[in-house]
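When a ligand or atom number is given, it counts from 1 through the structure's own listing order.
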Amino acid sequence: MSQAANPKPSLLASLMAFPATIWDSIFRNPVPSNDLERSATTFTNFFLHIHPVKVHKNSLRPAYTLGLGLISFWLFLILIVSGILLMFYYVPSTTQAYDRMLDLRGTVAFGNILRNMHRWSAHAMVAVVFMHLCRVFLTGAYKKPREFNWVVGVILFLLTLFMSFTGYLLPWDQLAFWAITVGTAIAGYVPVMGKSIQFLLMGGTSVGQEALLRFYVLHVAVLPAVLMLMVGIHFWRIRKDGGLSRPADADATPDMVMVDPSKAVLEPRKTYGIQGLVRGPLTKVGQIPDNTVYSWPNLFIAELFTFVITLSVILVVSLLFGAPLEEPVNVMHPPNPAKAPWYFLGLQEMVSYSAFWGGVGVPTLFVLGLILTPYMDRSPGGVGKWFSRDRLLANTLFLTFVIANVIFVIIGTFFRGPNWAFVAPW
Ligand code: HEM
């Protein structure tokens, strides 16, 4: 009887249905055409399920996030893919590394564009992650309940810097060698442990084969693994913290009276039975506007858009500008001046005034200040708005540090010549 109801399909019909059968075994839902399917697709797809089924409209406002967190992630992804491809060719040896760079530039298929993409994405990631940090600070998004995710973010920023720094040595040219010599010397200014940290990093007293191997292992295995784990925690926490921050009045209707949460007098906690809640005269169900939209397609289109833009910009820049490669390492001829990578030039500039304060004191205070910010600034006001008046002091202090550092980086990059003397760049 069951055979009559479900006749066995013919061989031809099975063959014809073959592609659809395979497709259906991987993707359990059709391309969504209604809300139920939109939810099911987000929920059941491995790559999409980290997203919520619905997001608040405020999270999709480009003017709020500037897409900087996403762009940081896409750059990281481009770095992983291009980095793995480069690993098929690169050898972390002082006798081979530089020649491999020349081969990548000259003979390996797509070697040059791959190297350019890797290099420019790395610089871009340092800059974009820092800009993302600034956006989070200036919108007060580190406040409760996002304190811990802010700390995870600070760790991500330090990891990004360290990833870029360890990669800098790998081409084994003059630029790499002397930039890392200067960079590791800065680590040596740490009181008591400085020389030990320097020794641990370099595997000796100067930059050589041991340092190259250590930087390589850190760069291709240790740091990316830690960074991936921390990015996973970062995204998971965004979900657990209720999505992105938004202003307290983001869901207000014109007839709602907004209360400043810092001045609100809360009634002692009451408990209600479920029936009491449902029957009570104050049930507000349906009165709060629903400002959420489905992630499919709204959020996913925004994500795809930022990815396409990021990849296109990196591709165009990599086609137009070659990654630098100077003369092979010559330990007898340091360039004058020997400069650290640009993101550490602010430190190098400060070191020229005071080795301890510039290299260790100020950066340590800055990082500690960043980590402790959400635990010191406990007022709930000003979240979800750029440059809120409620946060005038915090934003002014933060921007003073940022602008001072940017000025130091500009001075170090363009206005410092031989013997670190002041020169005009023109
Ligand atoms: C590898 C580096 C990083 C990646 C890939 C990343 C990624 C993201 C993404 C995709 C978002 C959501 C969209 C957005 O806000 O743009 C986000 C939000 C957030 N990020 Fe990051 N981030 C990184 C580093 C940082 C840093 C350095 C900080 C701060 C020190 C930080 C703190 C936060 C916080 C607190 C949020 C929630 C913001 C809110 O609720 O408005 N992140 N991050």
Taking the six-membered ring of [Y] as reference, does the NZ or CZ atom of [X] fall below 6.0 Å from its centre and within a 45° cone about the axis?
X    : Y    : value
R391 : F137 : yes
R135 : Y64  : yes
R119 : Y168 : yes

Looking only at protein heavy atoms, which one is nearest to [atom], and how far off is it?
atom                    : result
atom 4 (C) of ligand 1  : S72 CB, 3.9 Å
atom 27 (C) of ligand 1 : G153 O, 2.9 Å
atom 2 (C) of ligand 1  : V129 CG2, 3.7 Å
atom 36 (C) of ligand 1 : V136 CG2, 4.2 Å
atom 3 (C) of ligand 1  : L156 CD1, 3.8 Å
atom 16 (O) of ligand 1 : G69 N, 3.0 Å
atom 15 (O) of ligand 1 : R135 NH2, 2.7 Å
atom 41 (O) of ligand 1 : S245 OG, 2.6 Å

Which ligand 1 atoms does [X] reach within 4.0 Å, using its non-hydrogen atoms?
X    : value
I238 : 11 (C), 12 (C), 17 (C), 18 (C)
V154 : 30 (C)
A141 : 35 (C), 38 (C), 39 (C), 41 (O)
F73  : 5 (C)

Ring geometry between W150 and Y142 (parallel below 30°, tilted from 30 to 60°, perpendicular above 60°):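 Geometry flag for W150 against Y142: tilted rings.
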task: Over 60° means perpendicular and under 30° means parallel, so classify the ring planes of F165 and F215, tilted if in between.
output: tilted
Check contact between [X] and ligand 1, using heavy atoms of the residue and a distance below 4.0 angstrom.
X    : result
W150 : yes
M125 : yes
F137 : no

Would you say [X] has more than 12 foreign heavy atoms packed within less than 6.0 Å of its [atom1]?
X    : atom1 : value
Y375 : OH    : yes
F110 : CZ    : no
M193 : CE    : no
E327 : CD    : no

- request: Nearest heavy atom to atom 37 (C) of ligand 1 wins, so pick from L244, V128, L77.
  value: L244
- prompt: Does a side-chain N-to-carboxylate-O contact under 4.0 Å join R100 and D103?
  reply: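 So R100 does not pair with D103 through a salt bridge.
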field: SB check K339 E349 (cutoff 4.0 Å)
entry: no
query: R146 to ligand 1: N or O pair under 3.5 Å?
result: yes
message: Below 3.5 Å, N or O to N or O, backbone or side chain included: is there any such pair between Y142 and ligand 1?
response: no
Pair W74-F307, ring pair (Phe, Tyr, Trp, His ring centres under 6.0 Å): steps then yes or no: CA-CA 6 Å; W74 297 135; F307 175 66; 5.0 Å; yes
Part of H234 with heavy atoms under 4.0 Å of ligand 1, whether side chain, backbone, both or neither: side chain
message: Please name the atom of H132, limited to N, O or S, that comes nearest to atom 21 (Fe) of ligand 1.
response: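 Minimum-distance N/O/S atom of H132 relative to atom 21 (Fe) of ligand 1 is NE2.
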